[in-house]
Amino acid sequence: MKSYNIAVIGGDGTGPEVTREAVKVLEVAAKKFSLKLNFTPYDLGGARYLRTKEALPDSVVEELRGFPAILLGAIGHPDVKPGILEKGILLRLRFELEQYINLRPVKLYDERFCPLKDKTPADIDFVVVRENNEGLYTGSGGFVFKNTPHEIAVQESINTRRGVERCLRFAFEFARRRHKQKKLTLCGKTNVLTYAFDLWERAFHEVGQKEFPDIQRDYAHVDATTMWFVKNPEWFDVIVTDNMFGDIITDLGAMIQGGMGIAAGGNINPVGASMFEPIGGSAPKYTGQGVINPLAAICAGQMLLDFLGETDAAAAIETAVIKVTREKIKTLAAGKMGHSTAQVGDLVAGAL
Ligand code: IPM
Ligand code: MN
């Protein structure tokens, strides 16, 4: 029997409620596919920070490094200044565990959930490969003359040849394995960011031409990309982009696939500890009410199994999610599902 150790960080707000349902579904999948999943919970988040004044102890980072996969609920607490937990936990883990890919599938399961007129599941099925360790997220920059009238704030976008190439290679490989349109779109801003995206564009064509001649190369500016997401989402297969643009376009992607209730992503280190999470935040106002949608967390669990190589178990979870969303759920929005958080978990577990 294959056995996997999985760290579970419920985190803040509704994070623990949704991860509980994801674990419930993973346990059913494990039983069905004869896997052993050993879950280890970690108490991280705003409550712990307020209690201990420490967001993430070094020793915990080292422990987490030893897991093949981590399931994360949400990070963000109303009593902690914005930035502290995000940088101290989420971004620190993404960086220190070298999860250099943020993989965000955008897939519509039922046209009732799509805000776009006349778009169906056949039109909305693409994947964003977001660079996850560089760009504007490194924290590089600073102030000069802070709090004076001639204050200067600099925030630098870091793009290394190595970082860009490994991200591009992952994206090309992904497009090849996905075998859909076999097309990779670079989303950038070559007309304005003439240094950063010059490097991206050159590396894109060099790597593509030499190593992935079977994959069609396509380019779209980031502003146009948002337009196409709404107008012609069916044009996309796999999109690769930098950290900041990837952050922005995947919120729009989440909306066209039905909202934050269903959108999941994976912070991937192809050879290390990867971390899977619902894209939505900690939703403090819904905390403890049992009304938040756990499907995004369940889909994060599905991505986790897929990453571990348990593709049949992952596919079975997706089939169950599709069945439940199409047959049992009124809307994907919190409080309007027609079921509680735990009931949605039960429905998926039952369908599985
Ligand atoms: C996301 C989030 C994070 C990001 C925040 C919470 C730091 O928006 O995962 O998309 O910007 O990456
Ligand atoms: Mn985001």
Side-chain angles (χ1 to χ4, degrees), residues 9-16 18-19 22 44-46 49 55-56 61 69-106 126-141 155-159 163 167 187 222 225-226 229 239-269 273-287 292-293 296-297 299-301 303-304 307:
I9 306 171
D12 294 315
T14 52
V18 295
T19 37
L44 296 171
Y49 174 76
L56 178 60
V61 177
I70 304 164
L71 184 65
L72 172 69
I75 297 292
H77 193 288
D79 300 336
V80 181
K81 192 172 162 241
I84 293 182
L85 301 171
E86 291 84 346
K87 276 192 173 173
I89 302 176
L90 184 62
L91 297 182
R92 187 166 165 214
L93 287 174
R94 285 179 181 171
F95 280 67
E96 289 199 25
L97 301 184
E98 259 196 85
Q99 296 163 342
Y100 63 84
I101 297 297
N102 198 324
L103 191 65
R104 297 188 160 180
V106 177
F126 59 90
V127 178
V128 177
V129 175
R130 165 186 174 188
E131 200 292 322
N132 212 30
N133 276 181
E134 300 194 338
L136 282 164
Y137 276 69
T138 64
S140 175
Q155 194 95 41
E156 289 158 332
S157 174
I158 306 295
N159 300 267
C167 177
C187 164
V222 63
T225 301
T226 63
F229 270 22
I239 298 173
V240 64
T241 190
D242 83 350
N243 210 339
M244 187 82 260
F245 291 164
D247 176 48
I248 297 167
I249 66 171
T250 53
D251 266 26
L252 179 56
M255 290 321 289
I256 65 172
Q257 73 178 124
M260 288 300 176
I262 190 82
N267 301 277
I268 293 179
N269 173 341
S274 295
M275 181 166 74
F276 299 83
E277 54 175 336
I279 292 185
S282 56
K285 72 173 180 185
Y286 293 120
T287 302
I292 198 84
N293 189 342
C299 292
M303 291 183 74
L304 182 151
F307 171 78

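Every value quoted in this text rests on a predicted model; they were computed, and no experiment measured them. Both ligands and their constituent atoms are indexed starting at 1 by order of listing. In what follows, residues are counted from 1 in the order of the sequence shown.
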Output for pair (Glu134 CD, Ile158 CD1), nearest 0.5 Å, gives 8.0 Å

Query - side chain to side chain contact (heavy atoms under 4.5 Å, CB included) between Ile262 and Asn293, intermediate numbers included - result: CA-CA 8 Å; Ile262 190 82; Asn293 189 342; 5.5 Å; no

Within the heavy-atom cut-off of under 4.0 Å, ligand 1 is lined by Glu86, Leu90, Arg94, Arg104, Arg130, Tyr137, Asp247

Correct closest heavy-atom pair for Asn132 and Asn243 would be C-ND2, 3.5 Å

Between Ile279 and Met260 the two heavy atoms that sit nearest each other are CG2-SD, 4.0 Å

Heavy-atom nearest pair, Pro16 first then Gly13, reads CD-O, 3.3 Å

When Leu85, Ile75, Leu56 are each screened for side-chain contact (heavy atoms from CB on, under 4.5 Å) with Tyr49, the one that passes is Leu85

side-chain contact (heavy atoms from CB on, under 4.5 Å) test vs Asn102 passes for just one of Arg94, Glu131, Met275, namely Arg94

Paired with Ile70, the side-chain contact (heavy atoms from CB on, under 4.5 Å) test is passed by just one of Asn267, Leu97, Leu93, namely Leu97

Listing protein N, O or S under 2.8 Å around the Mn ion (ligand 2) gives Asp247 OD1

For Ser274 and Phe307, the nearest pair of non-hydrogen atoms, with its separation, is OG-CZ, 3.1 Å

